[in-house]
2 protein chains.
Amino acid sequence: MAAKKPAGRKDAQTALARAVFEGLRDEITGGKLRPGQVLSRRQVASRYGTSYIPVIEAMARLESAGLIDVEARQVARVRTITLETIQDDYVLREAYETQAVRLACEAATPGEIEDLYRLADAVDEYVAAGGTKRTGDKEGPLLHWQFHRRIAEVSRCRALVRELERIELLRRLQANWYFAPEVPDLPRCHALLVDAIESRNPAEADASMRAHVRSGLEKELLAYRMNVTPGTR
Amino acid sequence: MAAKKPAGRKDAQTALARAVFEGLRDEITGGKLRPGQVLSRRQVASRYGTSYIPVIEAMARLESAGLIDVEARQVARVRTITLETIQDDYVLREAYETQAVRLACEAATPGEIEDLYRLADAVDEYVAAGGTKRTGDKEGPLLHWQFHRRIAEVSRCRALVRELERIELLRRLQANWYFAPEVPDLPRCHALLVDAIESRNPAEADASMRAHVRSGLEKELLAYRMNVTPGTR
DNA sequence: GATCTATCAGTGATATATCAAAGGCTCGAA
DNA sequence: TTCGAGCCTTTGATATATCACTGATAGATC
């Protein structure tokens with residue numbers, strides 16, 4: 001049996017199910033589990049030292065999050081990466097991000113815009129310094145994510161933040177198996193996005209963001225094509 | 001116990017969990033369960049004649065779908081409707097629908113455009129005939145949904161269809177408790193959307209769709225303000 | 001009479017047990 | 001050597017049982 005935690009916080013009742021969910025989520029997005037790998041509920045249960053039940057709930061949530069696929073006979077596998085999944089993810093990402101900048105145009109306070117400039121400059125400097133693309137690099141993608149996440153937060157729509165976070169998890173899963181080639185971004189690419197927000201012109205901001213997301217998609221597709229399909233198993 | 005169905009289809013193994021999920025989903029979207037109503041896992045289990053376990057999985061999925069909220073102490077309630085949930089839903093809907101028409105502009109075949117015109121005309125005629133807004137009316141909203149769903153299908157992005165379906169379920173939940181007042185649409189409002197797709201101009205189609213969705217939001221907000229908050233409990 | 005406490009019913013979380021189906025492996029026969 | 005039947009293992013689905021916690025209520029106490 002797993003250690004019983006008194007769970008002081010009111011929301012920590014469902015300790016094990018949550019622990020299994022978060023554990024598997026982190027293992028999947030952290031690259032410890034290969035795409036396509038079968039996840040046996042029983043094995044997961046014993047690996048986490050819990051019974052079968054919390055795993056059922058965790059797997060249901062993982063499936064809803066898109067991190068695992070459950071096919072026939074309830075065989076659960078870590079999400080595999082295909083051309084279609086990459087494109088679908090980017091369609092959603094583009095929908096969310098363009099919507100977020102549009103709302104940010106209307107809702108952003110001057111202070112938030114300053115904040116966004118700070119984040120954008122950090123990303124742009126990091127990219128300009130050629131820091132990205134080092135194997136195993138975590139800092140660059142993290143900065144980039146924080147910038148985009150902040151835009152969603154500024155949009156004042158929680159649902160948008162939540163959905164974007166979900167997509168980000170899928171991106172992380174993929175990033176462990178497809179290493180993007182060196183493709184230079186436009187200089188000050190992210191600061192330009194904040195410029196667009198500051199200009200309070202939603203259509204323009206939308207167009208900038210759409211181009212930005214599309215260039216990300218192009219990189220992903222390039223990476224996908226350059227890598228032999230790995231965890232197909 | 002519940003009747004054992006041999007479940008000939010390969011995907012029907014998880015019969016009970018699925019049955020509970022779909023049953024609750026339909027009860028919620030069909031207005032049989034009030035927003036805010038507490039759903040006890042045990043009571044649901046006995047009501048569906050199953051044990052506790054399938055209900056756990058069903059509730060996890062319902063929560064992911066946004067149809068129930070699970071607050072502190074794991075008390076599950078049918079999603080309550082607030083100004084924020086209405087607005088958030090429409091932000092996502094706008095993101096999905098505008099993305100869908102943009103993609104439809106590029107991907108729609110002439111045959112699909114004809115098909116869309118057929119659906120649009122049906123909706124427009126129904127609206128023009130004043131058919132909508134009859135209490136308990138199901139046909140109008142169904143036609144409307146089929147039109148919008150078809151656009152998503154034409155976009156060739158499964159993920160977009162899936163997410164739009166999720167939002168549609170939330171709208172149905174709400175529609176049972178807030179009756180929209182009579183607000184006339186623009187004539188041929190939906191056919192104009194197909195015109196925009198046919199023109200193959202994504203930005204223009206986006207703008208038309210955005211205006212269309214926003215007018216829907218205005219109606220919902222009006223309905224919300226006109227109705228005393230019902231199932232707040 | 002008001003208040004405090006002990007008990008009880010309801011609920012969620014989880015462990016264990018049972019059942020059925022699928023896949024694989026062994027052993028024997030051709 | 002190869003193929004096939006039957007057994008065994010693994011797995012998923014689900015029922016039942018147990019534990020802890022919460023809220024309410026009844027009874028005792030001041």
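Proteins get letters first, then strands, A, B, ... in listed order; numbering begins at 1 in each.
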Do the side-chain N or O atoms of S51(B) get closer than 4.0 angstrom to the phosphate oxygens (OP1, OP2) of dA15(D)?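 Answer is yes, contact under 4.0 Å.
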
Can you measure [X] atom [atom1] to [N] atom [atom2] for me and round it to whole angstrom units?
{"X": "E57(A)", "N": "dT14(C)", "atom1": "CD", "atom2": "C1'", "value": "11 Å"}
{"X": "M59(B)", "N": "dT11(C)", "atom1": "CE", "atom2": "P", "value": "11 Å"}
{"X": "I56(A)", "N": "dT16(D)", "atom1": "CD1", "atom2": "P", "value": "15 Å"}
{"X": "L16(B)", "N": "dC19(C)", "atom1": "CG", "atom2": "P", "value": "16 Å"}
{"X": "R77(A)", "N": "dG12(D)", "atom1": "CZ", "atom2": "C1'", "value": "15 Å"}
{"X": "I53(A)", "N": "dT18(D)", "atom1": "CD1", "atom2": "P", "value": "15 Å"}
{"X": "R18(B)", "N": "dG12(D)", "atom1": "CZ", "atom2": "P", "value": "16 Å"}

Side-chain donor/acceptor of S46(B) to backbone N/O of G49(B), under 3.5 Å: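 No, S46(B) side chain to G49(B) backbone: no donor-acceptor pair under 3.5 Å.
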
Quick one, [X] and [Y] - any side-chain contact, counting heavy atoms below 4.5 Å?
{"X": "T50(A)", "Y": "V20(A)", "result": "yes"}
{"X": "H148(A)", "Y": "E168(A)", "result": "no"}
{"X": "L16(B)", "Y": "Y48(B)", "result": "no"}
{"X": "E97(B)", "Y": "L164(B)", "result": "yes"}

Given that V75(A) and P54(B) both sit by DNA chain D, which one's nearest nucleotide is further toward the 5' end?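 In this pair, the answer is V75(A).
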
Can you check nucleotides 8-11 of chain D for protein contacts, nitrogen or oxygen pairs under 3.5 Å, and list what you find?
from, atom 1, to, atom 2, distance (Å)
dT11(D), OP1, Q43(A), NE2, 2.7

Could you tell me which residues satisfy side-chain contact (heavy atoms from CB on, under 4.5 Å) with A223(A), sequence neighbours excluded, listed by chain and number?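 Result, side-chain contact (heavy atoms from CB on, under 4.5 Å) vs A223(A): Y178(A), A180(A), P181(A), N227(A).
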
In terms of side-chain heavy atoms, does R210(A) have a donor or acceptor partner in Q99(B) at a distance below 3.5 Å?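 Their side chains do contain a donor-acceptor pair, which is all the 3.5 Å distance test asks for.
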
Return the angle between end axes of the helix from dG1(C)-dC30(D) to dA30(C)-dT1(D), with five pairs used per end and rounding to 10°.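 It works out to 10° between the end axes.
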
Below 6.0 angstrom between ring centroids: does that apply to Y96(B) and Y96(A)?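 Yes: the rings meet the under 6.0 Å criterion.
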
With the threshold set at 4.0 Å, does a side-chain nitrogen-carboxylate oxygen contact exist between E218(A) and R214(A)?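 Answer for the salt bridge query: no.
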
